[in-house]
Amino acid sequence: VKIDGKDEEIPVKVSEELTQAFFINHTMPLENLNVAVLEKAPFKLEWGKDMPEGDVSVNAGNTDVLNMKITRNPDFKGTIRITAYRSMRGLSVEQYTVKPDETEFQIKIKGNPNAMGLIEDEMFICANARKGSEVYMFVAPALKYKVHGKAELNLTNKK
């Protein structure tokens, strides 16, 4: 791969489980792997301060907020749209538009009111923006979550 005019070797572990680079949810052996190296986004999306240690938990039907932070390159002044990278089992994420002068913000998550049992998965929150004809995307590091569904809550409350 050429980066800034120099040949760079980037090792890739084929069959690596749930890598940030490839967004797979299972291990799959590969013989050939095509990779596109794109221009770096002019912003970075991170989890904000006061995030809980470990998993984020929400009860079925309840809403919670997660703190996030965006760091922009000085020449990027546009709005940035925040979404879930993919649909998540038992959880929805409200879309949010980060204003040009914002650096810290909150996104709302909601446990599906019809969720049953305990649902555990990982969420990927994505930042998308345009600058001229260019489209950029940046994904925050994966965050584990739990949705405590109706049946799981009922069993817990009866103890």
Side-chain angles (χ1 to χ4, degrees), residues 1 10-73 76 79-99 102-130 135-157 159:
V1 175
I10 301 172
V12 176
K13 293 181 182 177
V14 179
S15 299
E16 190 170 58
E17 185 178 1
L18 195 60
T19 63
Q20 197 67 28
F22 303 112
F23 301 109
I24 57 175
N25 292 315
H26 55 279
T27 302
M28 179 173 56
L30 300 171
E31 290 184 19
N32 295 308
L33 178 65
N34 295 321
V35 177
V37 178
L38 306 173
E39 186 175 339
K40 186 177 176 181
F43 50 83
K44 181 178 180 182
L45 180 65
E46 301 173 273
W47 296 106
K49 60 184 175 184
D50 301 327
M51 287 296 293
E53 294 290 325
D55 300 343
V56 170
S57 291
V58 63
N59 292 335
N62 287 4
T63 301
D64 202 353
V65 293
L66 300 177
N67 297 318
M68 301 211 73
K69 178 182 177 181
I70 199 97
T71 306
R72 302 167 190 262
N73 290 357
F76 186 79
T79 59
I80 300 171
R81 186 172 170 209
I82 307 297
T83 61
Y85 176 75
R86 61 176 169 86
S87 61
M88 293 171 277
R89 297 180 309 124
L91 187 72
S92 61
V93 176
E94 188 175 288
Q95 294 182 11
Y96 183 82
T97 300
V98 183
K99 298 176 189 85
E102 271 185 300
T103 55
E104 295 183 4
F105 58 95
Q106 293 182 324
I107 58 169
K108 290 182 184 177
I109 60 170
K110 182 176 183 178
N112 182 330
N114 299 316
M116 298 298 286
L118 176 63
I119 299 170
E120 297 180 87
D121 204 347
E122 292 183 325
M123 73 172 78
F124 295 94
I125 304 299
C126 180
N128 298 286
R130 262 185 201 278
V135 177
Y136 298 98
M137 180 176 96
F138 192 97
V139 180
L143 182 67
K144 292 184 180 201
Y145 72 87
K146 292 179 182 178
V147 176
H148 300 276
K150 292 177 182 177
E152 202 261 341
L153 287 172
N154 288 339
L155 290 173
T156 304
N157 291 337
K159 288 182 181 177

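Evaluation of the side-chain hydrogen bond (donor to acceptor under 3.5 Å, both in side chains) rule for Tyr145 yields no partner, not counting sequence neighbours. With sequence neighbours left out, the ring pair (Phe, Tyr, Trp, His ring centres under 6.0 Å) criterion links Phe138 to no other residue. Evaluation of the side-chain hydrogen bond (donor to acceptor under 3.5 Å, both in side chains) rule for Arg130 yields no partner, not counting sequence neighbours. Taking the side chain to side chain contact (heavy atoms under 4.5 Å, CB included) definition, one finds that Thr63 meets it with Lys108, Lys110, sequence neighbours left out. Every side chain to side chain contact (heavy atoms under 4.5 Å, CB included) that Ala115 has, sequence neighbours left out, goes to Ala60, Asn112, Ile119, Val147. Qualifying side-chain hydrogen bond (donor to acceptor under 3.5 Å, both in side chains) partners for Glu102, counting only residues two or more places apart in sequence or in other chains: Tyr96. A search for side chain to side chain contact (heavy atoms under 4.5 Å, CB included) contacts involving Thr97 returns Thr79, not counting sequence neighbours. Qualifying ring pair (Phe, Tyr, Trp, His ring centres under 6.0 Å) partners for Tyr136, counting only residues two or more places apart in sequence or in other chains: none.
Of all the heavy atoms in Ala140 and Trp47, the pair that sits closest is CB-NE1, 4.1 Å. Shortest non-hydrogen contact noted between Asn73 and Ala41 is ND2-O, 4.4 Å. Smallest separation of non-hydrogen atoms from Ser57 and Asp64: O-OD2, 4.3 Å. Taking all atoms of both residues into account, the shortest heavy-atom contact from Cys126 to Val139 is SG-CG2, 4.2 Å. The shortest non-hydrogen separation linking Glu120 to Lys146 is OE1-CE, 3.2 Å.
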Problem set entry | Intermediate values then yes/no, side chain to side chain contact (heavy atoms under 4.5 Å, CB included), Arg81 and Gln95 | CA-CA 7 Å; Arg81 186 172 170 209; Gln95 294 182 11; 2.5 Å; yes
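Between the CG atom of Asn128 and the CZ atom of Phe43 there is a distance of 7.0 Å, given to the nearest 0.5 Å.
With contacts defined as side-chain heavy-atom distances shorter than 4.5 Å, the pair Ile82/Ile125 qualifies.
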Under 3.5 Å, side-chain donor or acceptor atoms of residues 65-72 against the rest of the protein: list the pairs with distances, not counting sequence neighbours.
from: Asn67; atom 1: OD1; to: Gln106; atom 2: NE2; distance (Å): 2.9
from: Asn67; atom 1: ND2; to: Lys49; atom 2: O; distance (Å): 2.8
from: Arg72; atom 1: NH1; to: Gly78; atom 2: O; distance (Å): 2.4
from: Arg72; atom 1: NH2; to: Lys99; atom 2: O; distance (Å): 2.7

